[in-house]
Amino acid sequence: MRTSQKIPATIVTGFLGSGKTTLLRHILSNANGRRIAVIVNEFGELGIDGEILRGCGIGCDDENGEQAGQLYELANGCMCCTVQEEFYPVMRKLIERRDDIDHILIETSGLALPKPLVQAFNWPEIKNACTVDAVITVVDVPAAAAGQFAANPAAVDLQRKQDPNLDHESPLHELFEDQLISADLVVLSKLDQASAADRAAVEALVREDIPPAVKIVAADHGRIDLDVVLGLSSASEESIESRKGHHEHEAGHVHDEHDHDDFDSVVVQLGEVEREALLAQLAEVVAQQTVYRIKGFVALPGKPMRLVVHGVGKRFDSYFDRPWRADEKRASHLVFIGHDLDEAAIRAQLAASPVGAL
């Protein structure tokens, strides 16, 4: 179905609870033969969204149903900060299957700024194979009309506090405006919960931050004609540098408040591990180094389910999310995020324990 040599990619952004996943579900449910790959930037409750999207099984199954969807869930909450570490290898995998894919959908986390992701499409290997069809910003009309911008500001604030890679300082309205600045299309959601006056006020608010050529459309529970949201051919990566947001202006020059140099990330691969032994060693690592967050998947001996591990500060949570598939290696994968991390010491700590690194 794809006529262009490049795979078009649609980036869907918007605050937590704005209706991004509802829109994605609608697109997948009405794919009409389009082979769509989905990348979800998972964080917290978005894990539920990932399961919802995975359950759709629509749009990119092959004839035998073996390659259903290829849903990629990224390890950290902020795609802006993991784009070099994770987005690139994911895109390489998709590019290798470019003849099997008609479109790519990318859902950012609620607080991720879309601009760095769009800029990544200028990397040579990606630019030669993919283009940004459009950046779609979903706006929660009742929340924006109330000046909250997100339906649950407390949940958004918790998300910011739990992930050191996210912007902790800017007022929500500035982040809202930065999401609009990158938009090629704005979708208004939850209009059934808003008055005509609220809709008019939000449209006026949105129009202040977008060029006249950017359209504002409404979606009823995510339902919208796919011809409106797909096939826009915006090539956003070619013009993204001209869109300046709050995160780039200080004293008349470009400045990135979201300073990636403040944080390090270390990825460790392990074999099958004992849960209690692993948690004890992770606690030792946290005690010895400035680790803000640990997240990953763990293989337990004799257990058919994959264990998800989250660590924030000294607090660790774990739960089983799904059975290991017959075609995947039973291995553990952990990501450490912190300040000035000693990667060799982390690996040595885990290797010296009953855990044992691969």
Side-chain angles (χ1 to χ4, degrees), residues 9-24 39-41 43 46 49 74 77-83 87 105-121 132-153 155-157 159-160 163 165-190 201-211 213-219 222 229 232 234 236-237 239-249 256-258:
T10 297
I11 298 170
V12 181
T13 188
F15 279 157
L16 188 70
S18 63
K20 300 188 300 297
T21 299
T22 302
L23 176 61
L24 262 67
I39 301 175
V40 174
N41 189 27
F43 183 92
L46 288 179
D49 296 346
L74 306 186
C78 182
M79 191 176 283
C80 167
C81 290
T82 62
V83 67
F87 177 71
L105 290 178
I106 304 172
E107 179 186 3
T108 71
S109 75
L111 291 174
L113 300 179
K115 183 171 182 177
L117 179 58
V118 177
Q119 290 171 321
F121 278 78
V132 179
D133 185 63
V135 176
I136 298 176
T137 300
V138 182
V139 175
D140 182 328
V141 172
Q148 296 178 322
F149 304 103
N152 190 341
V156 172
D157 188 53
Q159 182 182 14
R160 299 171 97 178
D163 195 328
N165 288 331
L166 296 178
D167 182 309
H168 295 171
E169 304 298 333
S170 300
L172 280 188
H173 72 84
E174 290 188 4
L175 296 175
F176 175 74
E177 290 166 7
D178 281 350
Q179 289 182 344
L180 288 173
I181 286 168
S182 297
D184 300 299
L185 179 72
V186 176
V187 173
L188 303 181
S189 69
K190 303 183 182 180
V202 171
E203 285 197 35
L205 180 69
V206 167
R207 183 54 67 186
E208 292 177 2
D209 290 300
I210 59 176
V214 175
K215 293 182 179 180
I216 303 174
V217 298
V229 293
L232 275 65
S234 300
S236 311
E237 69 275 12
S239 61
I240 194 64
E241 292 299 335
S242 64
R243 309 184 194 189
K244 304 299 182 184
H246 291 280
H247 282 64
E248 298 173 282
H249 293 289
D256 187 0
E257 293 177 5
H258 198 152

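Nearest approach of Glu107 to Thr21, heavy atoms of both residues: OE2-OG1, 2.9 Å. Shown here for Val202 and Ala145, the closest heavy-atom pair between the two residues is CG2-N, 3.6 Å. Closest approach of Val135 to Pro114, counting heavy atoms only: CG1-CB, 4.3 Å. The two residues Glu203 and Ile216 have their closest heavy-atom pair at O-CD1, 3.9 Å.
No donor-acceptor pair closer than 3.5 Å links the side chain of Glu237 to the backbone N or O of Phe121. Checked by atom type and distance alone, the side chain of Lys20 pairs as donor or acceptor with a backbone atom of Gly14 at under 3.5 Å. Between the Ser189 side chain and the Ser18 main chain, a donor and an acceptor come within less than 3.5 Å of each other. The closest donor-acceptor contact from the side chain of Thr137 to the backbone of Gln179 lies under 3.5 Å.
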Test log, rule side-chain contact (heavy atoms from CB on, under 4.5 Å), inputs Val217 and Val186: CA-CA 6 Å; Val217 298; Val186 176; over 6 Å; no
List the steps and the verdict of side-chain contact (heavy atoms from CB on, under 4.5 Å) for Asp140 and Lys190. CA-CA 6 Å; Asp140 182 328; Lys190 303 183 182 180; 2.9 Å; yes
Quick one, Ile181 with Phe176, criterion side-chain contact (heavy atoms from CB on, under 4.5 Å). Give me CA distance, side-chain angles, the key distance, then yes/no. CA-CA 9 Å; Ile181 286 168; Phe176 175 74; over 6 Å; no
Ser182 and Ile240: CA distance, side-chain angles, deciding distance, side-chain contact (heavy atoms from CB on, under 4.5 Å) verdict: CA-CA 7 Å; Ser182 297; Ile240 194 64; 3.9 Å; yes
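For Ala218, the side-chain contact (heavy atoms from CB on, under 4.5 Å) partners two or more places apart in sequence, or in a different chain, are Leu191, Arg199. Under the side-chain contact (heavy atoms from CB on, under 4.5 Å) criterion, Thr10 pairs with Val12, His103, Leu105, Asp133, Ile136, Leu230, not counting sequence neighbours. Residues passing the side chain to side chain donor-acceptor pair (under 3.5 Å) test with Asp184 are Ser236, Arg243, sequence neighbours excluded.
Distance check: Glu177 CD to Glu208 CD gives 8.0 Å after rounding to the nearest 0.5 Å. Here the CZ-CG distance, from Arg207 to Leu180, works out to 10.5 Å after rounding to the nearest 0.5 Å.
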